[in-house]
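For reference, the structure discussed in these notes is given below.
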There are 2 protein chains.
Amino acid sequence: MSEGVDRAMRVLELLAREPAQLGGVAADLGVHKSTALRLLQTLESGGFARRTDGGWTVGLRLIDLAQQALDSLDVRAVARPHLAALGRDCGHTIHLAQLVDDDLVYVDKIEARGQVRMYSRIGRTAPLHASGVGKVVLAYRPQLTRLVEGAALRAYTPATICDPAALRAELTAVAEQGWAADDGEFEPLITCVAAPVRHADGSVSAAVSVTAPTVVATLADLRRLLPRLLATTQQISRDLGWSGP
Amino acid sequence: MSEGVDRAMRVLELLAREPAQLGGVAADLGVHKSTALRLLQTLESGGFARRTDGGWTVGLRLIDLAQQALDSLDVRAVARPHLAALGRDCGHTIHLAQLVDDDLVYVDKIEARGQVRMYSRIGRTAPLHASGVGKVVLAYRPQLTRLVEGAALRAYTPATICDPAALRAELTAVAEQGWAADDGEFEPLITCVAAPVRHADGSVSAAVSVTAPTVVATLADLRRLLPRLLATTQQISRDLGWSGP
DNA sequence: GCAACCCGTTGCGGTGAGCGCAACGCAGGT
DNA sequence: ACCTGCGTTGCGCTCACCGCAACGGGTTGC
């Protein structure tokens, strides 16, 4: 629709991945470098891009805006202290994922006490069929299963549930027991347990998970944390206005 | 330079502050609403804007990109575990600020153990003359004093140092003692101590601070944490390749 | 030393992308 | 029944933006 804006967004995608120079940006967009320069200058004037020694990078304004947007998410604000307390108690990585349109997005994260590197990032989307938070949300939002019914379920690991029937059975079990596990279904050797967060109207559009590498904690270990996790999600739900069981 | 992109950035600024509807966006930009709609649709197609029940909001892609950019900041990655450890030891809010061009930007934050609300946000800029991290950076980057020399120093509180001569004296003291304090100079009743982080070449372009409301910790209390803070910044500096004293 | 690069940057015209306009469908409120 | 304000669509006009070509300044190579 708006060509310039479209190109600008592609530029930001590029720069966020890694800094680039004018020529590279121009080539990647398939435009003349003078065009790319003017784009970058415009972005620079707004603080969305900046120059470094070795080329162009995303600007601070982008980071500021994103953080502003994150802070305006009500679920995040309400949940944060509870997540921090949970993280302090168990020492593992805590994730908060929220459903936005048809995507389940990680919107908060408490780092594990250990120094173990784990690849996850606020802003990324969680695979609905291959993550604890995803399965929890699916289990309580039947209409969302349309997103995984027809589509071929991607196998991230050998443990990923790719068979629709098996997934349906899993979701039924999750809905009944009130929590979900993920034993290496997205990344090998990474395990988690997840539980739903309810809004005032009782709907589930967010979830909390406790994640750890199996070398640190096995699924059995994490299961022992379930009462603590469920207490956390229930407290968050109550803070959001939910008054169910 | 590029009008469309310029408008798009203004739209994002608007949406990040608070969700808005088409009419509001159009009015604020001073354009016809059809124009605003096309802009929003373009942003939507790239994931930079999205529709909610009550209007338009910033999209997830923006958050993802910003987080990606944050993660690529080397200082942040190196410092994070040390900051977490420091936060665990003292329980107060920890900030990491980095100099980007002429702005000192908060790039990481460890929340305080207590539930006390404090207004700071990753992505915001720190006032150079009215914050611990700002004064530390100024003290070790004399060429930057040009930024505060001529300009009228804004008085955030009665304690803010607005007199150039007084500031110069303060910076000299900071440079000598190796750390800076901020006793209500930016926000009343908020105190902090800050120390410099050095890069491999010995230059100072980042700083760490320990912040607390005076009701929780007085300046005297925070001073007692100085050895721990200085040990942290020195360790970060070493991890960055610095081999000084 | 000069030449050959590659970087970012700057006028300059032609043209098509995107602008404003006007009109429509649809909800929700009075 | 009306009205108000939302998002949306088609249509010409025009000016913003594109590509081109040329320039200045670093760095590299022989």
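What you see below is based on every heavy atom in this structure, not just the backbone, and it leaves out hydrogens, waters and symmetry mates. So that the names make sense, note that chain A is the first sequence line, chain B the second, and so on, each numbered from 1.
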CG of A/Leu39 versus P of D/dA16: gap in Å, rounded?
16 Å
How many whole angstroms separate atom CZ of A/Arg7 from atom C1' of D/dG19?
10 Å
Extract all donor-acceptor atom pairs below 3.5 Å that involve side chains of residues 37-49 of chain A and protein atoms in other chains or at least two apart in sequence.
{"from": "A/Arg38", "atom 1": "NH2", "to": "A/Ser34", "atom 2": "OG", "distance (Å)": "3.3"}
{"from": "A/Thr42", "atom 1": "OG1", "to": "A/Arg38", "atom 2": "O", "distance (Å)": "2.8"}
{"from": "A/Thr42", "atom 1": "OG1", "to": "B/Ser2", "atom 2": "N", "distance (Å)": "3.1"}
{"from": "A/Glu44", "atom 1": "OE1", "to": "A/Arg51", "atom 2": "NE", "distance (Å)": "3.2"}
{"from": "A/Glu44", "atom 1": "OE1", "to": "A/Arg51", "atom 2": "NH2", "distance (Å)": "3.0"}
{"from": "A/Glu44", "atom 1": "OE2", "to": "A/Arg51", "atom 2": "NE", "distance (Å)": "2.7"}
{"from": "A/Ser45", "atom 1": "OG", "to": "A/Thr42", "atom 2": "O", "distance (Å)": "2.7"}

Checking B/Thr160 against B/His129: is there a side-chain donor and acceptor pair closer than 3.5 Å?
no
Between A/Asp182 and A/Ala130, the two heavy atoms sitting closest are OD2-O, 4.0 Å
Mind running salt bridge (charged side-chain N to carboxylate O under 4.0 Å, His left out) on B/Arg121 and A/Asp64 for me, showing each step along the way?
CA-CA 8 Å; B/Arg121 194 205 302 135; A/Asp64 193 11; 2.7 Å; yes
Output field dot_bracket for DNA chain D (Watson-Crick or G-U, both distances under 3.5 Å, | for other-strand pairs) contains .||||.|||||||||||||||||.||||||
Counting distance alone, no hydrogens or angles: does the base of D/dG19 have a donor or acceptor under 3.5 Å from a partner atom on the side chain of A/Arg38?
yes
Mind calculating the distance between CG (A/Leu40) and C1' (C/dT9) to the nearest angstrom?
13 Å
Calculate the interatomic distance between B/Leu22 atom CG and D/dT4 atom C1'; express it in whole Å.
15 Å
Return the nearest nucleotide to the side chain of B/Gln41; candidates are C/dT10, C/dC19, D/dT9.
D/dT9
Between D/dC6 and B/Arg51, is there an OP1 or OP2 to side-chain N/O distance shorter than 4.0 Å?
no
How many Å lie between NZ on A/Lys33 and C1' on D/dC20, as a whole number?
11 Å
Can you tell me how far P of C/dG18 sits from CD of A/Glu3, to the nearest Å?
5 Å
Taking all heavy atoms of B/Val5 and all of A/Gly4, pick out the closest pair and write down the distance.
CG2-O, 3.6 Å
Would you kindly compare B/Ser34 and A/Gly24 by the position of their nearest DNA chain C nucleotide and give the one closer to the 5′ end?
A/Gly24
Please report, rounded to the nearest Å, how far the C1' atom of D/dG7 is from the NE2 atom of B/His32.
12 Å
Return the minimal non-hydrogen interatomic distance between B/Val25 and B/Leu14, and the atom names on each side.
CA-CD1, 4.3 Å
Considering all heavy atoms, the nearest B/Asp28-B/Arg10 contact
O-NH2, 3.4 Å
Checking C/dT9, D/dG7, D/dC18 against the side chain of B/Leu37 (C-beta onward), the nearest is D/dG7
Compare the minimum distances between each of D/dC17, D/dC6, C/dC19 and the side chain of B/Gln21, then state the nucleotide with the smallest one.
D/dC6
